[in-house]
Structure formats: structure tokens, C-alpha cells
Amino acid sequence: MVGGCDQVHETREPTISPAPSTSLLPSSEPSSTNGPTPIFSDIPSHVPSVTSKPSEFTCELCNIETPCGYDSFRLDASLMCCLSGSTTRVYTRTSDGWPSSGSRYFCTDQPNDTPCGVTDSICASDACVGGMCASSKLGHNESCAIGNDCALGVCGYDAFSVDASPICCPSGSSTRVYTSASDGWPSS
């Protein structure tokens with residue numbers, strides 16, 4: 001089965017607002033102190049520094065203002081006190097490689113290029129595209145892998161042809177059609 005984009009019946013482009021300019025990246029300004037430049041300049045004193053996180057980190061060091069969560073959506077992600085002050089709960093499965101199936105908490109307000117799976121709320125921009133935080137979702141007719149990558153939430157083939165490519169459907173809808181791998185279509 002593949003999904004193809006339905007025809008567009010309106011020519012109006014949606015407005016996509018730019019992401020807020022929140023950045024958790026280090027400042028490029030030189031440090032006037034001797035020693036390592038801290039990654040975050042406003043870390044509360046009770047929160048361990050990201051550069052000096054203990055190897056046996058426990059969530060007991062965190063509190064309501066800096067809840068405990070994983071730093072990104074990766075199998076080898078580290079637990080940390082979330083400087084954003086919030087987490088999002090995501091159900092993960094052993095079939096995807098996680099050690100156990102269940103809910104896990106991930107820090108929110110993560111910068112671009114942070115692994116996010118398909119969970120928009122992990123990202124400061126609220127846009128998880130291709131498994132990474134991005135400044136915005138993909139627009140009409142841009143190449144996509146899944147619907148979550150697209151501003152209108154729909155990724156489908158641009159034509160009914162084995163040579164067609166998946167794109168973000170400008171109509172915001174698609175139609176499912178049965179296809180066969182023996183005819184040259186992808187098996188999924």
C-alpha cells in the first residue's frame with residue numbers, strides 16, 4: 001500500500017511562523033575566565049553542569065523547576081535535570097531498540113539538530129523533521145519520509161508511478177492505494 005497526494009483545490013499557502021529564538025547552544029563570545037567555558041550560563045547551582053555530569057547520574061539531583069529527563073531521543077541518551085523546566089512523556093518500545101517498553105520522559109525545548117524521533121514537543125521549534133529538531137516543518141512539495149515531517153502532516157507520492165517520490169502533499173490529504181512489490185513498488 002502506498003499513499004498518494006490528493007489534488008489541491010485551493011491555492012492559498014499556509015503561513016508557517018518562525019520558531020522562537022530560544023537557543024541552548026554555547027555562546028560564541030570568548031570567556032574572560034580561566035578554565036572551561038560553561039555550556040549554559042544560567043544553570044541553577046543545584047543542577048550538575050552538563051560538562052561535569054557524574055557518571056552515575058541520578059534524578060534525585062533534580063526538582064520541580066528542573067525535572068529529570070533524557071537529553072535527546074536516542075537509545076544511548078543520558079538522564080539529566082532539564083534546564084527547560086519541562087519534559088514530555090513518550091512511549092518507547094523494545095521493538096525500536098529500547099531496553100524496555102514504556103513511557104520515558106524527555107527534556108523539552110531542545111535546539112535544532114537534537115534527535116527527537118517523531119516527537120515535536122521535544123524541540124524548541126515544535127518541529128521534529130527526519131528524526132531531528134528543525135527550525136520548521138517541511139513545506140508543500142518538499143521531499144519527505146513520513147507525515148510528521150510535513151507542515152500539513154501528510155507525506156505521499158506525487159504521482160501513481162513507481163518512479164514517483166514522496167512529498168509533503170499540498171492538499172493536506174492523501175489516498176491509500178494497494179500496490180505490489182512485484183510491480184516495482186517499495187514493500188512498505
Side-chain angles (χ1 to χ4, degrees), residues 1-20 22 24-25 69-80 82 84 86-188:
M1 288 262 218
V2 296
C5 298
D6 290 337
Q7 289 196 5
V8 177
H9 297 289
E10 89 182 52
T11 57
R12 187 173 48 119
E13 293 286 321
T15 304
I16 300 174
S17 303
T22 304
L24 298 178
L25 298 176
Y70 288 94
D71 61 359
S72 64
F73 196 86
R74 295 184 335 262
L75 296 176
D76 64 344
S78 299
L79 282 172
M80 65 181 288
C82 300
S84 64
S86 64
T87 59
T88 188
R89 190 167 109 177
V90 179
Y91 188 81
T92 58
R93 295 174 173 78
T94 54
S95 61
D96 293 330
W98 294 93
S100 62
S101 292
S103 293
R104 288 180 169 70
Y105 289 88
F106 295 88
C107 298
T108 60
D109 294 328
Q110 295 297 312
N112 289 352
D113 300 320
T114 299
C116 52
V118 294
T119 308
D120 294 329
S121 59
I122 289 175
C123 308
S125 61
D126 203 34
C128 183
V129 177
M132 304 292 275
C133 291
S135 57
S136 64
K137 295 286 192 170
L138 300 175
H140 300 331
N141 298 314
E142 288 190 75
S143 179
C144 56
I146 60 172
N148 191 67
D149 293 347
C150 304
L152 294 179
V154 181
C155 179
Y157 287 90
D158 57 353
F160 189 77
S161 165
V162 293
D163 298 324
S165 300
I167 61 164
C168 292
C169 297
S171 63
S173 64
S174 67
T175 301
R176 243 182 174 1
V177 177
Y178 179 79
T179 58
S180 173
S182 64
D183 292 332
W185 291 95
S187 59
S188 56

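Counting from 1, the numbers follow the sequence of the chain as shown.
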Legend entry - Sub-6.0 Å ring centroid separation between Y91 and W98: no
Inset, instruction - Kindly compute the distance separating CD1 (I167) from SG (C169), expressed to the nearest 0.5 Å. - result: 5.5 Å
Legend entry - Side-chain donor or acceptor of D158 paired with backbone N/O of A164 under 3.5 Å: no
Inset, instruction - Could you tell me which non-hydrogen atom of C168 sits nearest to which non-hydrogen atom of C144, and how far apart they are? - result: N-SG, 3.5 Å
Legend entry - Minimum-distance pair of heavy atoms, taken over all atoms of C133 and P111: CB-O, 3.3 Å
Legend entry - Residues that D76 engages under side-chain hydrogen bond (donor to acceptor under 3.5 Å, both in side chains), provided they are two or more places apart: R74
Inset, instruction - Identify the heavy atoms of S173 and V154 that sit nearest to each other, and give their distance. - result: C-CG1, 3.8 Å
Inset, instruction - Could I get the full list of side-chain hydrogen bond (donor to acceptor under 3.5 Å, both in side chains) partners for S86, not counting sequence neighbours? - result: T108
Legend entry - Under the side-chain hydrogen bond (donor to acceptor under 3.5 Å, both in side chains) test, residues paired with T87 that sit two or more places apart: none
Inset, instruction - Kindly give the heavy-atom pair with the smallest separation between V162 and G184, and that separation in Å. - result: CG1-C, 3.7 Å
Inset, instruction - State the CZ-OG distance between R93 and S101, to the nearest 0.5 angstrom. - result: 7.0 Å
Legend entry - Partner set under ring pair (Phe, Tyr, Trp, His ring centres under 6.0 Å) for Y105, not counting sequence neighbours: none
Inset, instruction - Kindly indicate whether the side chain of K137, heavy atoms from C-beta on, has any atom under 4.5 Å from the side chain of D126. - result: no
Legend entry - side-chain hydrogen bond (donor to acceptor under 3.5 Å, both in side chains) partners of S161, counting only residues at least two apart: none
Legend entry - Residue pairs fulfilling salt bridge (charged side-chain N to carboxylate O under 4.0 Å, His left out) with at least one residue in residues 144-156, sequence neighbours excluded: none
Legend entry - S78 side, atom OG; D71 side, atom CG - distance, nearest 0.5 Å: 5.0 Å
